[in-house]
Engineer: 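Sending over a structure as structure tokens; questions will come in a sec.
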There are 2 protein chains.
Amino acid sequence: MQEGTFPSVSSPGVTAPADKAADHGDHSACRAVNDVLSRVGDKWSMRVVMNLDRGPMRFNELRRAIDSISQRMLTRTLRGLERDGLVSRTVTPSVPPRVDYALTPLGQSLREPVQALGDWAMANRAAVEDARTTFDAGCDE
Amino acid sequence: MQEGTFPSVSSPGVTAPADKAADHGDHSACRAVNDVLSRVGDKWSMRVVMNLDRGPMRFNELRRAIDSISQRMLTRTLRGLERDGLVSRTVTPSVPPRVDYALTPLGQSLREPVQALGDWAMANRAAVEDARTTFDAGCDE
DNA sequence: CCGCATCCCTGCCGATACTG
DNA sequence: CAGTATCGGCAGGGATGCGG
């Protein structure tokens, strides 16, 4: 079931006559992909997801865990993830307010392909940095 | 930036003991991961990579294939990919000048995990959009 | 055909300060 | 504790024009 093949946008025309069942409108599909990629490429989102993988966490707990993130960005990131249904927000109206964030099943399912990408990054970081050094040297000399 | 590192290849069904994962303080690894994620999340890079997967392409060929990309952005994107060793640039000094871009082995290896992410996006785009709609409605109501 | 340079506008992100 | 509001810097990226 992994045939894959991205919705490549090489369709020159525009409103192609829709008659294939396999095609769900590839521009919307393409947007969806780009959308997810943006989220993954987001500076903080995946950091949050990875932390949440260990279990639910409170706001400041998360804040301390990531540490370099600002309060503003943590809020924004969590809102974004919540909006996309990747994390859930649970409010406990106690005296000091308590809010727990947790990965939804959807969020957990996203973790896997992201992890794969993380593994790739780890495995090839040397190659990438080397390529950069070479490129920069050749460019500058 | 000294929190959890990615590497562990998923722990399926692990009921997290909720303890803090041992921190190796590997910030260079973390940076590398973030770095790759940024590239993937880049608006155009993966579009280019996916197109190049079919084989080498010339500049304007690529430009037409992606279509909505501006010349400036295509140049910048290609430079970035080239710098990271993901694509190769081959100049044929003819009249008119001919420049071919192609995926390097490294670039091709990146394509796989990215494809996985793309598949995830395709499989879950309905869920995500639904979540958004629900969120937006609940927020505004 | 390929690619760089410039202008400019937009949105992201950090720091700080303030409410419930 | 959790969250919002505001300001300022800066990078992303579109449009256009010039040069090899």
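Quick note: numbers below take in every heavy atom, side chains included, and nothing from hydrogens, waters or symmetry partners. Residue numbers begin at 1 in each chain, while the letters A, B, ... track the order of the sequences.
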Engineer: When the distance from CG of B:L74 to P of C:dC2 is rounded to whole Å, what number comes out?
Structural biologist: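 Distance, rounded to whole Å: 10 Å.
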Engineer: Quick one: does A:V114's side chain get under 4.5 Å of A:M50's, heavy atoms only?
Structural biologist: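 Yes; the side chains approach each other to less than 4.5 Å.
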Engineer: Could you tell me from which nucleotide to which nucleotide of DNA chain D, 5' to 3', there is an atom under 4.0 Å from chain B heavy atoms?
Structural biologist: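 Going 5' to 3' along DNA chain D, contacts run D:dG13 to D:dG20.
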Engineer: Of A:R125, A:R132, A:K43, which is the lone residue that meets salt bridge (charged side-chain N to carboxylate O under 4.0 Å, His left out) with B:D35?
Structural biologist: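 In the set A:R125, A:R132, A:K43, the residue that makes a salt bridge (charged side-chain N to carboxylate O under 4.0 Å, His left out) with B:D35 is A:R132.
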Engineer: Between A:E82 and A:R79, is the salt bridge (Lys or Arg N to Asp or Glu O under 4.0 Å) condition met? List the steps.
Structural biologist: CA-CA 5 Å; A:E82 188 192 356; A:R79 285 284 172 281; 3.6 Å; yes
Engineer: Could you give me the CA-CA distance, side-chain angles and deciding distance for A:V49 and A:L86, then say whether side chain to side chain contact (heavy atoms under 4.5 Å, CB included) is met?
Structural biologist: CA-CA 8 Å; A:V49 169; A:L86 298 171; 5.6 Å; no
Engineer: So what does A:R79 hit on the nucleic acid, given a heavy-atom distance under 4.0 Å: a base, only sugar-phosphate, or nothing?
Structural biologist: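 Counting heavy atoms under 4.0 Å across all strands, the contact made by A:R79 is with sugar-phosphate only.
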Engineer: Report, as a single string ordered 5' to 3', how protein heavy atoms within less than 4.0 Å touch nucleotides 5-20 of chain C: B base, S sugar-phosphate only, - not at all.
Structural biologist: -B-----SBBB-B--B
Engineer: Grab the two heavy atoms, one from A:P113 and one from A:S109, that are nearest each other, plus how far apart they are.
Structural biologist: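 Where A:P113 meets A:S109 most closely, the heavy atoms are CD-O, 3.1 Å.
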Engineer: State, yes or no, whether a side-chain contact exists between B:V87 and B:R89 at a heavy-atom distance under 4.5 Å.
Structural biologist: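 In short, these two side chains do not touch, never coming nearer than 4.5 Å.
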Engineer: Do the non-hydrogen side-chain atoms of A:T75 and A:F59 ever get within less than 4.5 Å of each other?
Structural biologist: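 With C-beta onward as the side chain, the pair touches.
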Engineer: Given C:dC2, is OP1 or OP2 found less than 4.0 Å from the side-chain N or O atoms of B:R89?
Structural biologist: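 No, because none of the side-chain N or O atoms of B:R89 sits under 4.0 Å from OP1 or OP2 of C:dC2.
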Engineer: Any non-hydrogen side-chain atom of A:R58 less than 4.5 Å from a side-chain atom of A:V99?
Structural biologist: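 Counting from C-beta outward, A:R58 and A:V99 never come under 4.5 Å.
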